[in-house]
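The structure presented is a predicted model; accordingly, all values stated were derived computationally and were not measured. Numbered from 1 within each chain, the chains take letters A, B, ... in sequence-line order.
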There are 2 protein chains.
Amino acid sequence: MSKPATASPIDLGPAPCCTPLAQERIPAPVAGVLAHAFKALGDPIRLQLMSMIASAPGGEICVCDLTPAFTISGTTVSHHLKVLREAGLVDAERRASWVYYRARPVLMRQLSALLAVDAPVPA
Amino acid sequence: MSKPATASPIDLGPAPCCTPLAQERIPAPVAGVLAHAFKALGDPIRLQLMSMIASAPGGEICVCDLTPAFTISGTTVSHHLKVLREAGLVDAERRASWVYYRARPVLMRQLSALLAVDAPVPA
DNA sequence: CGTCAAACTCGACACATGTCAAAGCCAGCG
DNA sequence: CGCTGGCTTTGACATGTGTCGAGTTTGACG
């Protein structure tokens, strides 16, 4: 919306970020990539999906365990998972008849570091 | 905030989060509030604005210093700042003819903590 | 008071997004 | 081989979002 936005899957390449937002101004190209990830987290259902995936015992969870946790259709859950996948936040693997999702800690850590704020500023 | 009519900032209530995504599943209502904040960061321009504000010397920056940094109209910058304001990520204060923005570290820290991932996978 | 500049609000538009139903794919099973 | 069940893709629709131009508010300065 602000940009044409690359439609192709995101290439994180060599760690695009790591310096906290509050320390150094983000270059425009990097902002574009990271905004994609934040946008993916900017939906209540996707945030819950992300939480369920990241906190799953064994580090992975089957779609068949995710879907019944919501009132929306399986089609829509699949759509949201695709968004998370294309944002580089999760990874999918098919085993037998089921598809398992797991979180990608690298990007999560980068986003976390980006929002980090050092010592509470003394008034 | 001082006087600026203050649209309605979202009600963060008493610290809605703090437990990392990967440790505990997020309750639906909390996800709704936090997704709002992430959505606000989910735009390249807003992410850059956030960065410029948070990294500004003195902790604050004038809109007149933000606007010329982009190619979009001042109207649109104003719109994006409103989104950040309503998400609880920044605070605005009018002094003389200018409006100054500063980051709200509390929410930033919460979001950062939410995305935190413990020990790098040993295996 | 009149004027000017900074920033916000309003109205309108094009495009993106969330949602579902229906159809397609894949793997296992009879 | 032909089913059946799990998941994704496709197509379609209503709503949301980014963008701008024009108008409005606020404060400063003659």
Side-chain angles (χ1 to χ4, degrees), chain A residues 1-9 28 31-32 35-50 53 60-87 90-102, chain B residues 1-9 28 31-32 35-50 53 60-87 90-102:
Chain A
M1 316 237 174
S2 317
K3 288 180 77 172
T6 57
S8 43
H36 261 261
F38 281 124
K39 192 190 298 189
L41 294 174
D43 180 281
I45 291 188
R46 284 197 293 267
L47 201 51
Q48 290 178 77
L49 283 170
M50 195 65 212
I53 295 171
E60 66 179 15
I61 188 171
C62 173
V63 174
C64 59
D65 288 326
L66 292 172
T67 305
F70 302 89
T71 58
I72 59 178
S73 71
T75 305
T76 304
V77 170
S78 195
H79 162 67
H80 285 306
L81 288 172
K82 182 179 185 180
V83 173
L84 290 174
R85 224 183 311 138
E86 289 179 342
V90 300
D91 210 351
E93 183 191 357
R94 166 158 224 145
R95 285 207 302 278
S97 293
W98 300 275
V99 178
Y100 293 86
Y101 278 77
R102 52 175 56 237
Chain B
M1 249 179 244
S2 345
K3 20 186 156 164
T6 319
S8 47
H36 203 244
F38 280 125
K39 191 189 297 188
L41 293 174
D43 180 281
I45 291 188
R46 284 198 292 268
L47 201 51
Q48 290 179 77
L49 282 171
M50 196 64 213
I53 295 171
E60 65 179 14
I61 188 171
C62 173
V63 175
C64 60
D65 287 326
L66 293 171
T67 306
F70 303 89
T71 59
I72 59 177
S73 72
T75 304
T76 305
V77 170
S78 196
H79 162 68
H80 284 306
L81 288 173
K82 182 179 183 180
V83 173
L84 289 175
R85 227 166 38 215
E86 290 179 342
V90 300
D91 210 351
E93 183 191 357
R94 169 158 221 147
R95 284 206 303 277
S97 293
W98 299 277
V99 177
Y100 293 86
Y101 278 79
R102 55 175 55 239

For Val99(B) and Ala92(B) the tightest heavy-atom approach is CG1-CB, 4.1 Å
In short, Ala40(A) meets Ala87(A) closest at the heavy-atom pair CB-CB, 3.6 Å
Rounded to whole Å, CD of Glu86(B) lies from P of dG18(D) at a distance of 12 Å
From CH2 of Trp98(B) across to P of dT26(D) the rounded distance in Å is 18 Å
Thr76(B) has its side chain closest, among dC20(D), dC7(D), dG28(C), to dC20(D)
Looking only at dT9(C), dA28(D), dT19(D), the nucleotide nearest the Ser78(B) side chain is dT9(C)
Considering only heavy side-chain atoms of Val63(B), the closest of dT19(D), dT19(C), dA7(C) is dA7(C)
Of the listed dG18(D), dC20(D), dA27(C), the closest approach to the Arg46(B) side chain comes from dG18(D)
May I ask you to evaluate whether Arg94(A) reaches the phosphate of dT8(D), defined as a side-chain N or O under 4.0 Å from OP1 or OP2? no
Between Thr75(B) and Ser73(A), whichever has its closest DNA chain C nucleotide further toward 5' is Thr75(B)
Here the pair of heavy atoms bringing Arg46(A) nearest to Leu84(A) is O-CD1, 3.9 Å
Tightest non-hydrogen contact, residues Pro44(B) and Ala35(A), listed as N-CB, 3.5 Å
Out of dT17(D), dC7(D), dG18(C), minimum distance to the side chain of His79(A) belongs to dG18(C)
Separation of dA27(C) atom C1' from Tyr100(A) atom OH, nearest Å, is 13 Å
note: Leu66(A), atom CG; dT8(D), atom P; distance rounded to Å ~ 10 Å
All heavy atoms of Val90(A) vs all of Met50(A), minimum pair found to be CG1-SD, 3.7 Å
Whole-Å distance, Phe38(B) CZ to dT17(C) C1', equals 19 Å
Using a 4.0 Å heavy-atom cut-off across all strands, classify Arg95(A) as base, sugar-phosphate, or nothing.
nothing
Here the distance between atom P of dC7(D) and atom CG of Leu49(A), to the nearest Å, is 13 Å
Can you tell me if Lys39(B) touches the phosphate of dT17(D), counting only side-chain N or O atoms and a distance under 4.0 Å to OP1 or OP2?
yes
From NE2 of His36(B) across to C1' of dT17(C) the rounded distance in Å is 15 Å
When rounded to whole Å, the CD1 to C1' distance for the pair Ile61(A) and dC7(D) reads 15 Å
Less than 4.0 angstrom between a side-chain N/O of Tyr101(A) and OP1 or OP2 of dT8(D), yes or no? yes
